[in-house]
Amino acid sequence: MKIYNTKTRSKEDFIPLEAGKLKLYACGPTVYNYFHIGNARAFIFFDVVRRYFEYLGYEVSYVQNITDIDDKIIEQAIAENKDFSQIAAYYADAFLEDSRRLGIKPPTVQPRATEVMQEIIALIKELEDKGFAYEVNGNVYFDTGVLDTYGSLSGKKIEEQLAGARVIENTEKKHPADFTLWKASKPGEPVWQSPWGEGRPGWHTECVVMSQQHLGRSFDIHGGGIDLVFPHHENENAQAMALSGKPLARYWMHNGFLNVDGDKMSKSLKNFFTARDILKEYPAEAIRFFFLSKHYRSPIDFSKELMTESHKAVQNLHSALALMDESAAPESTEHSEIQAIETKFRDGMNDDFNTAKAIASLFELASIIRNSKLETPLRQAAAKSLLELGSVLGFFQEELAPAETSLPDLSAYLIEMILRYRSEARANKDWALSDRIRDELKELGIEIKDSPEGTKWSINK
RNA sequence: GGCGACAUAGCCAAGUGGUAAGGCAGAGGUCUGCAAAAUCUCCAUCCCCGGUUCAAAUCCGGGUGUCGCCUCCA
C-alpha cells in the first residue's frame with residue numbers, strides 16, 4: 001500500500017501506527033452555507049479511503065470535524081439576521097443530509113468545535129506556557145519563530161515568502177507568519193471566557209484538539225483539500241510539534257481542486273454549484289463516478305456533459321449487474337479470471353488510490369457478466385465480485401437507488417386513448433369488442449355514455 | 001518574485017523503460033415485422049525539438065501551452 005505524502009512529496013509505503021488499525025482525520029466543513037461540488041470531492045474521496053481500508057480488514061477510526069464557530073458563520077448570521085448558532089445548526093444539518101444523499105458513510109465521530117471549547121482553551125494555554133504563544137490585547141498568536149520546524153509540511157520558507165507577500169501587516173504580530181490561536185471578540189460577537197478575556201478560537205486549533213482527542217497525539221492520516229496545506233495544516237502540525245515534538249499525522253493526503261468549465265468555481269462567475277443542486281439533476285452514483293474516474297490529486301474539470309457521461313457509465317455497470325443473480329454464485333468456487341481482476345483492482349487502489357484503474361476493473365467484470373458464451377457460475381461470480389468491489393468505491397448502495405419512476409396521473413389520458421380505439425371498433429361495427437371495452441371499464445368504475453357529440457365517460461363507483 | 005502540478009484518440013481518463021487499461025461518443029454486424037433495448041466487432045503511438053538506451057508515452061536537457069498555491073477556501 002503506497003500513499004503519496006504531501007510532507008515528503010513522494011509515495012511512501014503505508015505503515016499504520018498500530019497494526020490492523022487506521023486512524024484517519026479529514027477536515028470537514030465550516031457550516032455557513034450548503035457545501036459545494038468541490039467540497040463533495042474531498043468528502044467522497046476520503047469516504048473511499050475509509051471504505052478501502054475497511055475492505056482490507058482494518059479497524060478504521062475516521063474523524064471528521066464540523067467547524068461551527070468561525071468568522072464566516074458570524075458574517076452569514078448577520079446577513080440573515082439570525083444568531084450564529086442557528087446558522088451553524090441549520091447548515092450542519094444540511095451538511096449531514098447532503099452527505100447522506102451522496103452515499104457517504106457517516107464517519108466514526110463528527111465532533112463540533114463548540115463542543116470542545118474548554119479543550120481548545122487548555123491547548124492554547126499549554127502552548128503559551130511552553131513559550132510557543134504570546135498574547136497581545138486579548139489576542140493570542142502562535143510564535144512561528146520559536147518553532148524551527150515551521151514550514152516543514154508545506155515546504156514554505158518563511159523568509160522567501162515575504163518578498164512577494166501581499167499580506168496586510170498586523171502590527172501586533174512578532175512575525176507576519178504568526179497565526180491567531182485566540183481572537184478577542186468584538187461587540188456583538190459570540191464569546192467564550194478564557195484566561196485572555198472574552199473571545200473565540202482561531203480556526204487552526206480546533207482541528208488539533210478534535211483529532212487528538214479521538215485519535216491520539218499522533219495518528220496515521222490527515223486529509224483535506226490541497227488548498228489546506230498552507231496555512232491550515234501547516235499550522236495544525238506546528239501546534240502538535242510544539243506540544244509534543246511529534247507530527248500530528250504521519251501521512252498527509254490532499255485532493256486536487258475542482259474547476260468548472262476550465263475556470264475556478266466562484267459565485268461571481270455564476271459557475272458555483274452546491275452538491276444539493278447537482279443532486280437534483282444527477283444521481284449520487286454519477287457524481288461519485290465522475291470524481292473517482294480521475295486520480296484524486298489531479299485537478300478535475302466539472303461540466304454537465306461529463307456528468308451525463310458518468311451517469312451513463314454507471315448505468316452500464318448496473319445493467320450488467322442486473323443480468324446475473326450474484327447471490328446464486330457458488331460460495332467455494334474460485335475463478336482465476338476473476339481473481340486476476342480483483343488483484344488488478346487492489347493493485348490500483350494500493351498505488352495511492354488509483355480509482356480510475358480500479359474502475360476499469362469493474363468494467364472488466366461487467367464484460368464477463370455479459371459474455372453469454374461463458375459458464376453461468378463464472379458470470380454469477382463476476383457479478384458477486386462486481387457488487388463487492390463496486391461497494392468499496394461506494395457504488396450500488398441500495399438506499400441510493402432512484403425511487404420508482406413516478407408518473408404523473410395518466411389515467412384520464414389513458415381512458416381517452418382506450419375510447420379512441422373503441423370508437424374505431426364501433427366504426428368497423430365490431431360490436432363485440434366495443435361492448436367488451438365498455439364492460440371492462442365499467443368494472444373499473446368508469447361508466448361510458450355514447451352520445452351524438454361523442455363518447456362521454458365518468459367515474460361511477 | 002517563491003513553490004508546485006499538468007500536456008495520451010472527438011471527449012473523459014489509466015499507464016513511470018519493453019512495443020498504448022477503461023468509459024462516453026461514433027461506425028459496422030447480430031437480434032427484431034418496424035422501432036427501442038440487448039449483444040458482438042472496430043476506432044490513438046502518446047504537445048514540439050534534441051539526448052540516453054538494444055528498447056521511451058514512460059529517463060535527461062531545451063522549448064511551447066494550461067493550471068494551482070503563496071490571502072478565507074475542499
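Letters A, B, ... mirror the listed sequences (proteins, then strands); counts begin at 1.
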For atom [atom1], what is the distance between [N] and [M], given to the nearest Å?
{"N": "B/A9", "M": "B/G26", "atom1": "C1'", "value": "12 Å"}
{"N": "B/C40", "M": "B/G65", "atom1": "C1'", "value": "41 Å"}
{"N": "B/C59", "M": "B/C24", "atom1": "C1'", "value": "34 Å"}
{"N": "B/G63", "M": "B/G1", "atom1": "P", "value": "15 Å"}
{"N": "B/G23", "M": "B/U41", "atom1": "P", "value": "11 Å"}
{"N": "B/C11", "M": "B/U45", "atom1": "P", "value": "15 Å"}
{"N": "B/A21", "M": "B/A35", "atom1": "P", "value": "35 Å"}
{"N": "B/G62", "M": "B/C3", "atom1": "P", "value": "15 Å"}

Under the criterion of centre distance below 5.5 Å and interplanar angle below 30°, is A/Phe257 classified as stacked on the base of B/G68? no

Between protein and nucleotides 22-27 of chain B, what N or O pairs are separated by less than 3.5 Å?
unit_1: B/G23; atom_1: N2; unit_2: A/Glu309; atom_2: OE1; d: 2.8
unit_1: B/C24; atom_1: OP1; unit_2: A/Asn316; atom_2: ND2; d: 2.9

Between [N] ([atom2]) and [X] ([atom1]): distance, integer Å:
{"X": "A/Arg379", "N": "B/U39", "atom1": "CZ", "atom2": "C1'", "answer": "11 Å"}
{"X": "A/Asp227", "N": "B/A5", "atom1": "CG", "atom2": "P", "answer": "17 Å"}
{"X": "A/His222", "N": "B/A74", "atom1": "NE2", "atom2": "P", "answer": "12 Å"}
{"X": "A/Asn371", "N": "B/U41", "atom1": "CG", "atom2": "C1'", "answer": "13 Å"}
{"X": "A/Leu102", "N": "B/A74", "atom1": "CG", "atom2": "P", "answer": "16 Å"}
{"X": "A/Leu292", "N": "B/A14", "atom1": "CG", "atom2": "C1'", "answer": "14 Å"}
{"X": "A/Ile341", "N": "B/A14", "atom1": "CD1", "atom2": "C1'", "answer": "16 Å"}
{"X": "A/Tyr32", "N": "B/C72", "atom1": "OH", "atom2": "P", "answer": "13 Å"}

From the options [options], select the nucleotide whose nearest atom is closest to the side chain of [X].
{"X": "A/Arg370", "options": "B/A74, B/A38, B/C67", "value": "B/A38"}
{"X": "A/His295", "options": "B/C12, B/A14, B/C67", "value": "B/A14"}
{"X": "A/Phe230", "options": "B/U39, B/A74, B/C70", "value": "B/C70"}
{"X": "A/Pro231", "options": "B/C72, B/G15, B/C11", "value": "B/C72"}

How do A/Ile300 and A/Lys72 order along RNA chain B: which one's closest nucleotide is nearer the 5' end?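 The residue closer to the strand's 5' end, by nearest nucleotide, is A/Ile300.
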
Go nucleotide by nucleotide along RNA chain B from the 5' end; which of A/Gly256 and A/Lys264 gets its closest nucleotide reached first? A/Lys264

Tell me the side-chain hydrogen bond (donor to acceptor under 3.5 Å, both in side chains) pairs involving residues 357-366 of chain A, sequence neighbours left out?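 Listed by first then second residue: A/Lys344-A/Glu364.
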
Output all residues satisfying ring-ring contact (aromatic ring centres under 6.0 Å, His included) with A/Phe272, sequence neighbours left out; order by chain, then residue number. A/His36

Quick one: ring-ring contact (aromatic ring centres under 6.0 Å, His included) partners of A/Tyr134, sequence neighbours excluded?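 In terms of ring-ring contact (aromatic ring centres under 6.0 Å, His included), with neighbours along the sequence ignored, A/Tyr134 is linked to A/Tyr141.
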
For [N], what is the paired nucleotide under Watson-Crick or G-U wobble rules, both distances under 3.5 Å?
{"N": "B/G33", "value": "none"}
{"N": "B/G1", "value": "B/C70"}
{"N": "B/C59", "value": "B/G51"}
{"N": "B/A25", "value": "none"}
{"N": "B/U64", "value": "B/A7"}
{"N": "B/U19", "value": "none"}

Considering residues at least two apart in sequence or located in another chain, which fulfil the side-chain hydrogen bond (donor to acceptor under 3.5 Å, both in side chains) criterion with A/Asn371?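 Once residues adjacent in sequence are excluded, A/Asn371 has no partner under the side-chain hydrogen bond (donor to acceptor under 3.5 Å, both in side chains) criterion.
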
With a 4.0 Å limit, can you tell me whether [X] has a side-chain N or O closer than that to the phosphate oxygens OP1/OP2 of [N]?
{"X": "A/Asn354", "N": "B/G15", "result": "yes"}
{"X": "A/Lys294", "N": "B/A13", "result": "yes"}
{"X": "A/Arg41", "N": "B/A74", "result": "no"}

Looking for any heavy atom pair under 4.0 Å, which part of the strands does [X] touch: base, sugar-phosphate only, or nothing?
{"X": "A/Gly224", "result": "sugar-phosphate"}
{"X": "A/Arg297", "result": "nothing"}
{"X": "A/Asn255", "result": "base"}
{"X": "A/His36", "result": "base"}
{"X": "A/Leu362", "result": "nothing"}
{"X": "A/Gly348", "result": "nothing"}

Just one of A/Glu206, A/Glu119, A/His214 clears the side chain to side chain contact (heavy atoms under 4.5 Å, CB included) bar with A/Pro111, so which one? A/His214

Measuring from atom CG of A/Asn235 to atom CG of A/Leu147, what distance do you get when rounded to the nearest 0.5 angstrom?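 Rounded to the nearest 0.5 Å, the CG-CG separation comes out at 10.5 Å.
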
Atom pairs and distances, donor-acceptor, side-chain atoms in residues 87-96 of chain A, under 3.5 Å, two or more places apart:
unit_1: A/Tyr90; atom_1: OH; unit_2: A/Tyr34; atom_2: OH; d: 2.6
unit_1: A/Tyr91; atom_1: OH; unit_2: A/Glu80; atom_2: OE2; d: 3.3

Scan A/Thr6, A/Asn255, A/Asp352 and name whichever one has a side-chain hydrogen bond (donor to acceptor under 3.5 Å, both in side chains) with A/Arg297. A/Asp352

Pair A/Arg50 + A/Glu54, salt bridge at N-O below 4.0 Å: yes

Any side-chain heavy-atom pair from A/Leu215 and A/Tyr25 closer than 4.5 angstrom?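 Side chain of A/Leu215 against side chain of A/Tyr25, heavy atoms only: contact under 4.5 Å found.
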
Would a line drawn from the ring center of A/Phe35 to the ring center of A/Phe43 be shorter than 6.0 Å?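 Between A/Phe43 and A/Phe35, which both carry aromatic rings, the centre distance is below 6.0 Å.
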
